[in-house]
Amino acid sequence: MKKLKKGLSLIVAVMMAFSVFTGCANSSTDDEVTSVTVASSDAEVTEAVTEATTTEEVTTTTEATTEAVTTTTEATTAVTTEATTATVATTEETTAAYTVEEMSAVMYAKSSVNVRSGPSTDYDRIGHLDEGEEVTVTGLASTGWYRISFEGGEGYVSNNYLVTEKPVTTTATTTTAATTAATTAATTAATTTATTAATTAATTAATADDTSSSEIWIASWGTAMQMAWSSDAIPAEATSGSTVTIRQQIRPSLGGDELRLVISNEYGKTDLVIDNMELAMLNSSSSYRIDTSTIVTVTYNGSKKITVPAGKTITTDTISFSFEALDDIAVTMKVSSMPSVITLHRASRCTNWIVSGSHTSDNAWSSASTFEMWYFISELDVMADSSGGAIVCLGDSLTDGASISTNSFARYTDKMAELLQADSKLSGYSVINMGAGGTPFLGTSDNSTGLGRVTRDIVEVAGVKYCIVYMGVNDINGATTDISQKLIDGYEKLIKECHEAGIKVIGCTITPCGNDNYSELHEQIRQTVNAYIMSSDSAFDGYVDLASAVASSSDSTKLQSQYSSWWGNGLHFSESGYRYVGTTIYNYLKNFIS
């Protein structure tokens, strides 16, 4: 949705304000980099609305929004024929090429905001201003955007985000403030200054929800969360009861400028209390050191201190943080209250660090302990073009990357992400690894099985459009009777749930069961299930025959030697094997995704 310039007539302003209040309550701002929109499964969505006459950010409730819309609608009775005529003339004027009126002024960014190459959101983003940053304004475009001096050249910023006085960060949370602002604007609109006031109200509403309809939240990174076991190698710092700082690395598969994190305390029996959480670029995947110049603070409901209740998951505020696909990002959190049971992903396949005390913003980590799990972080979402989306890969240890070396990023999903980013037609797609080692596919009692994870790890993933299902070998290896029909029924149940959510599902044939698990029964089940996956009667939207791709040419019950892990069990892949699997799936997707 494009921002409205000042001077639009009352009718257009009122219509846009009504549209924004009722239709865009949960979208994020395209040019304001730091929105405070938050959504979680257990909390109501709050929306950021700027007062028409101040620079304060206001959190409104649905009641306030409804009242504002009602009041604004009543104001339309004050519109005259002259205002209607002016609207038409002004609208026609805005569609023409813009002009710039020269000016000179010093102004300040009232919040972190994008800088673009031209005076509207149609133009490319060339950088951003931080909250309170001073700029020299050199002109005012006819679209209502300021031209500024920027990095040795020039750029444009919406007039809604530059103010003449350096702002003081203020958080307002009362419904009264929002209602008063909306009512005042609507009342003013009914007077002789109707056009200006209504335009301001509409522009303010548009500011709060100014993400183009072509942008959506898309998961760029994610992992399947699990409950910590007593046998897990939890660092002593995590169980000491004192304040600790945890630094974890993640590698998103889709870049962007705005992100949010999903923090999980799903299995915790007590609250998770994070005193401070920051993002920064990691200097190296093998070192805890960060580029401190890139640090940004993560907030939830506008607060640095984040409490995640026992058994719950929260989604943070929108954060301004520019990064490219496959960059290594550090998520650092100071935890003052560790849950009695830690929610984690058991195999990160990369190094993470924990140290006693408060060290979120520094590199003084000489006494840090390392661990190869992900604590509490379950997803990173990025605001991106809706022509792309997330590809979720549901699986077991063969998806989770068992046997690869630490920090090698050699899981098959890592290879897929690299290939997708190198493909100009598919670079808008992310790859989300939802593998969980040792887990079966069958069973729905909790989130420890493939079927039990369908809702959480597929359907609820932001922006998901496709799902790759490569799972079932653990069920086969543990079978004492023929379970082929149970597996088929399970696939069809998963597919039905995904189809109801508009997600297409691609099946992968089950690869050899391994040296220690081979039996005639197990091989019979595998062949029956694979025949179903590839049959015309299958409910899958498509399939990739991985079994044939990696099997030995002389014995289809075994892996080709170059693809078999150094573990020697004939089940897991070598790093070259995982990469080959990723390449094979990518080669299918580039034709499947239109």
Side-chain angles (χ1 to χ4, degrees), residues 218-224 253-254 379 388-402 410-421 423 426-437 439-441 449-451 453-475 487-488 490-499 501-511 529-530 532-534 538-550 572-573 577-594:
I218 298 175
S220 179
W221 174 91
T223 192
S253 54
L254 193 64
E379 187 172 309
I391 302 170
V392 173
C393 299
L394 185 76
D396 43 45
S397 60
L398 297 174
T399 298
D400 210 10
R411 301 174 303 174
Y412 88 74
T413 53
D414 296 316
K415 185 62 177 179
M416 277 178 59
E418 292 173 10
L419 292 170
L420 288 170
Q421 285 304 308
D423 186 333
L426 298 178
S427 60
Y429 286 91
S430 63
V431 181
I432 309 302
N433 188 308
M434 288 298 183
T439 57
F441 175 68
T449 69
L451 269 180
R453 294 192 285 126
V454 172
T455 299
R456 187 194 71 180
D457 290 350
I458 304 176
V459 175
E460 293 181 352
V461 171
V464 58
K465 290 187 178 179
Y466 299 96
C467 177
I468 308 293
V469 178
Y470 177 31
M471 201 169 189
V473 71
N474 287 330
D475 302 86
L487 280 170
I488 291 169
Y491 289 146
E492 292 186 343
K493 183 175 181 179
L494 175 151
I495 295 165
K496 182 177 184 292
E497 186 171 346
C498 286
H499 282 176
I503 303 165
K504 292 186 177 181
V505 186
I506 299 163
C508 293
T509 54
I510 299 173
T511 48
V529 170
N530 285 351
Y532 165 79
I533 292 172
M534 296 186 290
S538 168
F540 285 105
D541 297 291
Y543 71 88
V544 180
D545 188 7
L546 289 182
S548 297
V550 300
H572 297 98
F573 298 113
Y578 281 116
R579 291 189 175 106
Y580 180 66
V581 168
T583 301
T584 302
I585 297 176
Y586 160 75
N587 285 334
Y588 176 82
L589 288 176
K590 68 182 182 181
N591 295 315
F592 181 81
I593 299 177
S594 56

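Count residues from 1 along the sequence.
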_Nearest 0.5 angstrom please: Asp545 CG to Ile533 CD1, how far?_
9.0 Å
*Please tell me if the side chains of Leu589 and Val544 come closer than 4.5 Å, counting only heavy atoms from C-beta onward.*
no
*Over all heavy atoms of both residues, which pair between Ile510 and Ala547 is shortest? Give the atoms and the distance, please.*
O-CB, 3.5 Å
*Where Val505 and Cys498 come nearest, the two heavy atoms and their spacing*: CG2-CB, 3.5 Å
*Taking side chain as C-beta onward, heavy atoms only, is Met416 less than 4.5 Å from Val581?*
no
*Verify whether the ring centers belonging to Tyr580 and Phe573 lie closer than 6.0 Å.*
no
*How long is the gap from CG on Leu494 to CD on Glu492, to the nearest 0.5 Å?*
11.0 Å
*Taking the side chain as C-beta and beyond, is there a heavy-atom pair between Leu426 and Tyr586 under 4.5 Å?*
yes
*asked:* Taking side chain to side chain donor-acceptor pair (under 3.5 Å) as the definition, give me every residue that meets it alongside Lys496, ordered by chain and number, with sequence neighbours left out.
replied: Glu500
*Heavy-atom distance under 4.5 Å between the side chains of Tyr466 and Asp541, does that happen here?*
no
*Heavy-atom distance under 4.5 Å between the side chains of Ile468 and Cys508, does that happen here?*
yes
*Below 4.5 Å, heavy atoms only, C-beta onward: do Tyr588 and Tyr543 meet side chain to side chain?*
no
*Regarding Thr584 and Tyr412, is there a side-chain donor-to-acceptor distance under 3.5 Å anywhere?*
no
*Quick one: are Thr399 and Met471 in side-chain contact, heavy atoms under 4.5 Å?*
no
_Applying side-chain contact (heavy atoms from CB on, under 4.5 Å) to Val464 and Ile432, what does each step give before you reach the verdict?_
CA-CA 9 Å; Val464 58; Ile432 309 302; over 6 Å; no
*Please lay out, stage by stage, how Thr511 and Tyr470 fare under the test side-chain contact (heavy atoms from CB on, under 4.5 Å).*
CA-CA 9 Å; Thr511 48; Tyr470 177 31; 2.7 Å; yes
*Looking at Thr413 and Asn433, what are the two nearest heavy atoms and their distance?*
OG1-ND2, 2.8 Å
*Start with the C-alpha gap between Phe441 and Asn474, add the side-chain angles, then the distance that decides, and say whether side-chain contact (heavy atoms from CB on, under 4.5 Å) holds.*
CA-CA 8 Å; Phe441 175 68; Asn474 287 330; over 6 Å; no
_Rounded distance (nearest 0.5 Å) linking atom CG of Leu451 with atom CG of Leu487_ = 9.0 Å
*asked:* Would you compute the distance between atom OH of Tyr429 and atom CG of Leu420 and round it to the nearest 0.5 angstrom?
replied: 9.5 Å
_For Ser430 versus Ser220, what's the shortest heavy-atom pair and its separation?_
CB-CA, 4.0 Å
*Check Ala539 against His499 and note the closest heavy-atom contact, atom names and distance.*
O-CE1, 3.8 Å
*To the nearest 0.5 Å, tell me how far Asp457 CG sits from Thr223 OG1.*
8.5 Å
*Less than 4.5 Å apart, any side-chain heavy atom of Arg453 and any of Thr439?*
yes
*Test side chain to side chain contact (heavy atoms under 4.5 Å, CB included) applied to Leu419 and Asn587, Asp414, Val431, Thr583, the passing residue*: Thr583
*Start with the C-alpha gap between Gln421 and Leu254, add the side-chain angles, then the distance that decides, and say whether side-chain contact (heavy atoms from CB on, under 4.5 Å) holds.*
CA-CA 8 Å; Gln421 285 304 308; Leu254 193 64; 3.9 Å; yes
*Where is the tightest heavy-atom contact between Asp400 and Arg411, given as atom of each residue plus distance?*
O-CD, 3.3 Å
*Quick one: SG on Cys393 to CE on Met434, what's the gap to the nearest 0.5 Å?*
10.0 Å
*Around Lys465, counting heavy atoms of other residues, nucleotides and ligands shown, do more than 12 lie under 6.0 Å from its NZ?*
yes
